Amino acid sequence: MAANTGTYLIRGASILGGEPADLLIRDGVIAETGTGLSAEDRAEDVTVIDASGLVALPGMVDVHTHLREPGREDAETVETGTRAAALGGYTAVHAMANSTPVADTAGVVEQVYTLGRTAGWVDVRPVGAVTVGLAGEQLAELGAMADSRARVRMFSDDGICVHDPVLMRRALEYVKAFDGVVAQHAQEPRLTAGAQMNEGEVSAVLGLAGWPAVAEESIIARDVLLAQHVGSRLHVCHVSTAGSVEIIRWAKERGINVTAEVTPHHLLLTDDLVRSYDPVFKVNPPLRTDADVQALRAGLADGTIDVVGTDHAPHPSEHKECEWAQAAMGMTGLETALSVVQHTMIETGLMTWADFARVTSTAAAKIGRLADQGRPLEAGEPANVILVDPAARWTVDPFRMATMGRNSPFKGRELPGKVVATFFKGHPTVLDGELNTPYPYADSTAGVA
Amino acid sequence: MKHLLSTENLSLANAIRILDTAEEMAAVGDREVKKLPALRGRTVVNLFFEDSTRTRISFEAAAKRLSADVINFAARGSSVSKGESLKDTAQTLSAMGADAVVIRHWASGAPHRLAATDWIDAAVINAGDGTHEHPTQALLDAFTMRRHWARLAGTGSEGADLKGMRVAIAGDVLHSRVARSNVWLLRTLGAEVTLVAPPTLLPIGVEKWPCKISYNMDETLEQGVDAVMMLRVQGERMNASFFPSTREYSRRWGFDDNRLKALDTLGMKDTIIMHPGPMNRGLEISAAAADSPRSTVLAQVRNGVSVRMAALYLLLSGDTREPAATPALAYAGTHSTKESN
Amino acid sequence: MTSVTSAPVPARVVLSQADIDRALTRIAHEILEANKGSQDLVLLGIPRRGYPLALRLAEKIAAADSTVDAAAIVGQLDVTMFRDDLSHQGTRPPYPTKLPRTGIDNKVVVLIDDVLYSGRTIRAALDALIDLGRPRIVRLAVLIDRGHRELPIRADHVGKNLPTSSAEKVRVRLAETDTAPGGSPVNEVVIEGRS
Ligand SMILES: [Zn+2]
């Protein structure tokens, strides 16, 4: 149950970008809302936070995070990754399965889950592998992971596409038994053998092997039809092309139960940046063209794309300080996601802060089946709340981030928006824009149980 | 010009400057004493992550003719076996006091990485990177074409460009750094380029390049060309279904004896046949074409040394401790301050 | 490097067009005299202004000796690659070296330059020359000798000795290579700066 986390009165925050109101947080929930709430005349000590000019939003939920532990603790640990998440405004993250060992058994997902609770910065929801060892040959024990203490609902071989159509069909069908979802990394492997960047004008000039849009789109097209056929739930990871948006829009119009995510970097960056051959821009799926960026923004704005997922992928520096072809794919994202989405979606007039809450929290919690995340900011709801200063401007410096990864593609850019406070289960993990303390789980010392 | 990484961003003035300087270097090659003291005390490292004896000895000869000290460094580290990292290698060379690094690498963009990072503070010359660029090859090709074009016009090459020259580049454009570097440089010099290749061996996006595209070798010849450059095609591309068989390839896209005869019947007596080497005789070029008087293959090799001398000289002879002045200013300045020598 | 100065530099003309012409005529006669005729003479101009001076001298020699074909005895000797100050200057693109058809072996080569100063250009020219052949005699003719030698080198024929301070600049402007600030060709030698 909720530990003693103090009482906080947030005064004058713009709720989801709307009218200012006060929120009283106590015992892990939003106890009261209204205007002119008073800190006086209360039995307990109340910490008052002046939130005028700040926007109050539900804590963000990432559907796509690589925390690297177990196995690559030189790249990131659950502790450092979740610190970054809290600073970025997150109260829950889905930890991808491509750890070492792979999160393909109840034992590994429970380990990650426990590491998350020990850290206490956010809710860590392990993603289970679809196939044993991500090898794409044999289903992992999906049911056992679903039944474990980690209560896994999202399954993904992320990084590797479940390209065998029969295996994909079986996975989609099987997870219906526990309301699970298969999150597909859509990448036709034969069409992308050796691929280094988006195939197009820029790859032609740079002489880097092309990664055609059709390699993503053909898998998505197949998968939505499979999902329709077996009546199952499909989630498409990090959609990156205009064609993918169209296919998903078509699928949704047909009533197919599909959700989709887009990363912040695909909302802002294009393959033109690869001209520098700086591997900080090497990512899977690759950065695409400006036309794709615009289509992704439009898709996110009109609901075709349901959520923003960071695909936060920290790498040790030696994996990026090398030739493009030798470099690892991936970018950090937890501490820049809010700013990039504000910059690309809100400041362009495509979305409101209420929409922001939907794509970064409400819809994401629904996909991951997280009952106490992505809730309205109303009395009685779990106090997973963030306060954002939308007027702040800051310059991205990877060396000042909490993540161990220095591979931010936004390095040196000035971005808007700053997380001032993050309340996780009613406890401030971030205050005044700085890390505070983790949530004191009552059983955290027994986390190894 | 601190580095020579690509021809894509090489200005016309710099291109002409390199070609003109190469003419002076070529004159040295005709003398009894073929050595110049210009780069005495400078160290040039040939850093080869990919075997290419031809290119390496060409650079080695160029550096030695300019009296530079040459270190050959055959680095291990293929795409498969991860060897010494580029960063560590570069820092090692930096510590050894390399003034220029001539780098050949299987990975596109590796020379750009060397030039853009602070791993090493030497001039970087791209001696071929992956399927990206091979700027000195394009420069030696342009040098060869310019001499031919000037001779036809009855003028000198110095200061000349290639305006009006029609060049066909045929073969595996997709995987060819030579084709890329030539397309950009020839555009800059004013030539009209046509790429002739099977559609499978042209990159997606090629339609944005400053050249014409053709799938038909015979039509291209009929429309008139002044130079035909045949690209090396690797037989193993056949196994990746880029074309059905080497026989079909050579019949449709190769420069065979029939096409050699066609040049005569079409009245193109001055058209030259070029190849960057090494040639697959009988595949992309017939033996008769390779050995015909039209072939410039050996001239290209010879010119390679002159062009590389020019590149090394222009990158290394100036004061590298200061940011380089703009070429025009440096040029003017050199000769208007004669009294201060 | 070029000194691009914003304030006007005090400049005075030390040789006019007529002065230059007289000096060259005298040098032409001195060369013939020293050589006891035009036998085996080769004039090599050092770019940039030495070359037009060599051409002018050859014309004057041909005028004095009708057996001489002026064009056949003049060449250009580029010394850029032989300089000892390459790494302290901006990059200098080389000029062509052009020798007369007769070559230089066993010839009497007269090096021609506009200004003799430190002597380092001539040192480089001697090195360049040796790589090209083996002249019987090498002489040096300059339009201006301004002193400040840094090497044991002296000119055999001098148009004008011009004592200068090293802060001053001597500018030779020839119609073949230079234009006046207004754009019209000039023939003059000026000194810029205060002594
Ligand atoms: Zn992925």
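The shown structure was predicted, so the numbers you read here are calculated from the model rather than taken from an experiment. Chain A is the first sequence line, chain B the second, and so forth, proteins listed ahead of strands; every chain is numbered from 1.
- A heavy-atom distance below 4.5 Å is not found between the side chains of C/P100 and C/I73.
- With C/Y51 as the aromatic partner, C/K98 meets the cation-pi criteria of under 6.0 angstrom to the ring centre and within 45 degrees of the ring axis.
- Contacts with chain C were tallied for B/K34, B/E23, B/E158, B/E24; B/E24 has the most, counting heavy-atom pairs under 4.5 Å.
- Using a 4.5 Å heavy-atom cutoff, the side chains of B/H132 and B/H112 are in contact.
- Using a cutoff of 4.0 Å between basic side-chain nitrogens and carboxylate oxygens, B/R104 and B/E133 are not scored as salt-bridged.
- Annotation: residues 123-144 of chain C contacts chain B through C/D131, C/L132 [non-hydrogen atoms, separation under 4.5 Å].
- Using a 4.5 Å cut-off between heavy atoms, C/T97 touches chain B through its backbone atoms (N, CA, C, O) alone.
- Donor-acceptor pairing under 3.5 Å is recorded for the side chains of C/N187 and C/R56.
- Under a 4.0 Å N-O distance rule, the pair C/E168/C/R146 does not qualify as a salt bridge.
- Between the side chain of B/W149 and the backbone N or O of B/D161 there is no donor-acceptor pair closer than 3.5 Å.
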